[in-house]
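Okay, structure first, notes after.
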There are 2 protein chains.
Amino acid sequence: MVMHMNLDERKKKILTTIVENYIESAEPVASKTIAEKYEREFSSATIRNEMKQLEEIGLLEQPHISAGRVPSTKGYRYYVDNLMKENILTMVDIDYINNNIVSYGSIEATLENAANVISKVLNLPAVLHIENKDVIENVKILKVSDKILLIILMSKSGTVKDVIIKITDTVPEDKIDELNKLLNQNLKGTPLESLPNVLSSAINNQLNKFSDILSALAVSLNYEIKEDSPNNVKTDIKSLLDIPEFSNTDKMKELLNILSTKEIINEVMEKIKEDDVSIVIGSEHHDVLLKDYSIISLDMDNLNVNTKLAVLGPKRTDYAKAIATLKYVNNKLKNIFSKNEEDVEGGSQERR
Amino acid sequence: MVMHMNLDERKKKILTTIVENYIESAEPVASKTIAEKYEREFSSATIRNEMKQLEEIGLLEQPHISAGRVPSTKGYRYYVDNLMKENILTMVDIDYINNNIVSYGSIEATLENAANVISKVLNLPAVLHIENKDVIENVKILKVSDKILLIILMSKSGTVKDVIIKITDTVPEDKIDELNKLLNQNLKGTPLESLPNVLSSAINNQLNKFSDILSALAVSLNYEIKEDSPNNVKTDIKSLLDIPEFSNTDKMKELLNILSTKEIINEVMEKIKEDDVSIVIGSEHHDVLLKDYSIISLDMDNLNVNTKLAVLGPKRTDYAKAIATLKYVNNKLKNIFSKNEEDVEGGSQERR
DNA sequence: TTTAGCACTCTTTTTGTTCGACTGCTAACA
DNA sequence: TGTTAGCAGTCGAACAAAAAGAGTGCTAAA
């Protein structure tokens, strides 16, 4: 995907200026603006000539003949691959991140919070995709009181999920022991994700005499998993409305539509593969609906959880800042998770 | 608040038509439209005379001289108090509600889901306010494994909250028993809401030798409570954008602003008192920011949880449908909760 | 009391005009 | 050969004027 093309220094300068100017202002950039920026190192006429050539090789576009130039998808690509300088986050952003990236109870909650922080810093929607590869190691049933059972699911990696079940009739101790044994046999090695399915098929087969207890368990787990599976999009709509690209209703609807269409987001998330920040710009997307959007994403593996985090914005996104933010947050998260690993990872229970 | 005023039948007819027409179309209603609707039972000129009188008593307004009429706040009020017929929900809506109002694990989850359903049916933002008056009855600590403790909080009403705590150093059995005793002494009778505060002050006093365990508990509870306290607003932004009142960016921002301003929403929620559906229209609100909005709300008490559910819309809201929906959902919820009560209430653990 | 009809008002839509922002090109210049 | 000043040309944005349309209020008559 990396774009090579031999541009002379002046063309690089001009392209850089146009991209960065447009990212900031959302207005097409005129030759005069560039000439002034370089204090008339070259005249606007010269720049016009250069711009024309840049347009011919497809790096720039002109909304209409009497307008300035705007980067094309190829233009952004060239900029991202060759011209962009590393962004240094402002102290404000760094402080915000430092104060807000913290460890919550569970890995999931910690990551959700991180997605929220990223969305706030970049003022763009952040999409979080968590794939929990953890499998169940051990099941424990405790009788809390006469009519309350506690089922504790411990996973291979050491995380714990627990569910409280209220039952109608008292169950004798030995029955509970039996169920405990059976559950261990049936569930050991089951990935957390497929737990509800495995459980419901178990209810229909060997374990049907415990169907009361187990279906209560299934309902509760199902709710949790149902909750998480619609892609986890974090964004502040109010501030999105301030972005010129989304300040009209139709564009806003388009964006919301993209964000709520599982298929689109899933396809995007699945394609994230590299273990670093990756960027897909406008028409580089497979889906035409995304032709005006860019996605900056990060693939990170923490413990047994494969996490993908993506930020969706207009093509005119501050790529450098987005990358810097994702990387910085990622490092913070790595610290948190590795520290937890040392101590004894996690703080408490899996919530939300 | 109920409005009385002697209108003759024809005026009532006309007012009703104007309100209902405007609720449906969002366009000022013209005399001609009304005349046609009644198949020229009376001429448009007659209706114009009537409309003028209705305007004089303050029930109608005219956006400008050559426009039709729009109900004033007083007009809506008169309609709601005297003219409105009971709405019969469509089969589609009833089916949707029947299929989606179900009991989830906890009361909170069930109510949140209900708020979501209401928001979907009415296509308006729904605000949920849960005030849990339940107090802690009993605390139990279980040692799940060497480094994992489970703390179970049972409330007076029988609901259960539990938290898993991972600890660094193994704690001997007798220490745990001691902590358990102390916790019971300290927490019994504490309302769930003030748990984090009580806990953190306990850490600073008698219980400070268990601060490791207790602060982990506090963090986890804090997260939960922090999550819930920003008022629980359920809405689908995408479809809100289709409502004429919110289809421009500024109005949308205003709405989002209202919904995210705790003070406004809290004040509104606190005022909800009657044990039935109540309606506040436009300028009847204390807060001028709400002058273009109406709130239809429901106060329901389930078990130990005082629940208030409000729907916020433009003044041009379909009040009859809103009322019908709230009532219908409320009945469904009452069924669910009373059934749970019988069986053994709840299904499982408190989640989310 | 009702109503037909018309003058009047105000908004919305359309059309026309001007203004300004840029470019592209040409011709001159270094 | 590359650079630049200058100017004609293009197009959008802003503004103004004109026309169309929607409704009312009022008058006068039924």
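None of the values given here were measured: they were computed from a predicted structure. Reminder, nothing fancy here: chain letters follow the sequence lines and each chain counts from 1.
Residue B:Thr46 places its side chain closer to C:dT2 than to any other of D:dT10, D:dT4, C:dT2. Among D:dT4, C:dT3, D:dT24, the nucleotide with an atom closest to any side-chain atom of A:Phe42 is D:dT4.
Interface residues of residues 242-249 of chain B facing DNA chain D, ordered by number: none; criterion, heavy-atom separation under 4.0 Å.
One interatomic measurement links the two molecules: CD of A:Glu56 to C1' of C:dT23, which rounds to 14 Å at whole-angstrom precision. Counting to the nearest Å, the P atom of D:dT4 and the CD1 atom of A:Ile34 are 14 Å from each other. Atom CZ of B:Arg69 is separated from atom C1' of D:dG23 by 9 Å (rounded to the nearest Å). Between the CD1 atom of A:Ile14 and the C1' atom of C:dC22 there is a distance of 15 Å, rounded to whole Å. The OH atom of B:Tyr38 sits 18 Å away from the C1' atom of C:dT2 (whole-angstrom rounding). A:Glu55 places its CD atom 13 Å from the C1' atom of C:dC22, with the value rounded to the nearest Å. Between the NE2 atom of A:His64 and the C1' atom of C:dG20 there is a distance of 12 Å, rounded to whole Å. Between the P atom of C:dT1 and the CD atom of B:Glu50 lies a distance of 10 Å, rounded to the nearest Å.
Under the 4.5 Å side-chain criterion, counting only non-hydrogen atoms from C-beta, A:Ile18 is in contact with A:Pro71.
Checking B:Ser294 against B:Tyr319 by side-chain atom types alone, a donor-acceptor pair falls below 3.5 Å.
Of the possible polar contacts, none joining the A:Thr33 side chain to the A:Val29 backbone as a donor-acceptor pair under 3.5 Å is found. Looking only at distances, a side-chain donor or acceptor of B:Ser72 sits under 3.5 Å from a matching main-chain atom of B:Lys74.
The phosphate of C:dC25 has OP1 or OP2 within less than 4.0 Å of a side-chain N or O from A:Lys52. For C:dT23, one of the phosphate oxygens OP1 or OP2 lies less than 4.0 angstrom from a side-chain nitrogen or oxygen of A:Ser31.
Evaluation of atom-type donor-acceptor distances gives a pair under 3.5 Å for the side chain of A:Arg48 against the base of D:dG6. Judged by distance alone with a 3.5 Å cut-off, no donor-acceptor contact links the side chain of A:Ser66 to the base of C:dC22.
Along DNA chain C, the nucleotide nearest B:Ile65 and the nucleotide nearest B:Asn49 are compared for position; the residue whose nucleotide lies closer to the 5' end is B:Asn49.
Between A:Asp81 and A:Arg77 there is a salt bridge, since a side-chain N of the basic residue sits under 4.0 Å from a carboxylate O of the acidic one. Contact check on B:Glu9 versus B:Lys13 returns no salt bridge, with no Lys/Arg side-chain nitrogen under 4.0 Å from an Asp/Glu carboxylate oxygen.
Counting non-hydrogen atoms of neighbouring residues, nucleotides and ligands closer than 6.0 angstrom, the CD atom of A:Glu86 reaches no more than 12 such neighbours.
Looking at heavy-atom distances under 4.0 Å, A:Ala45 makes contact with a base.
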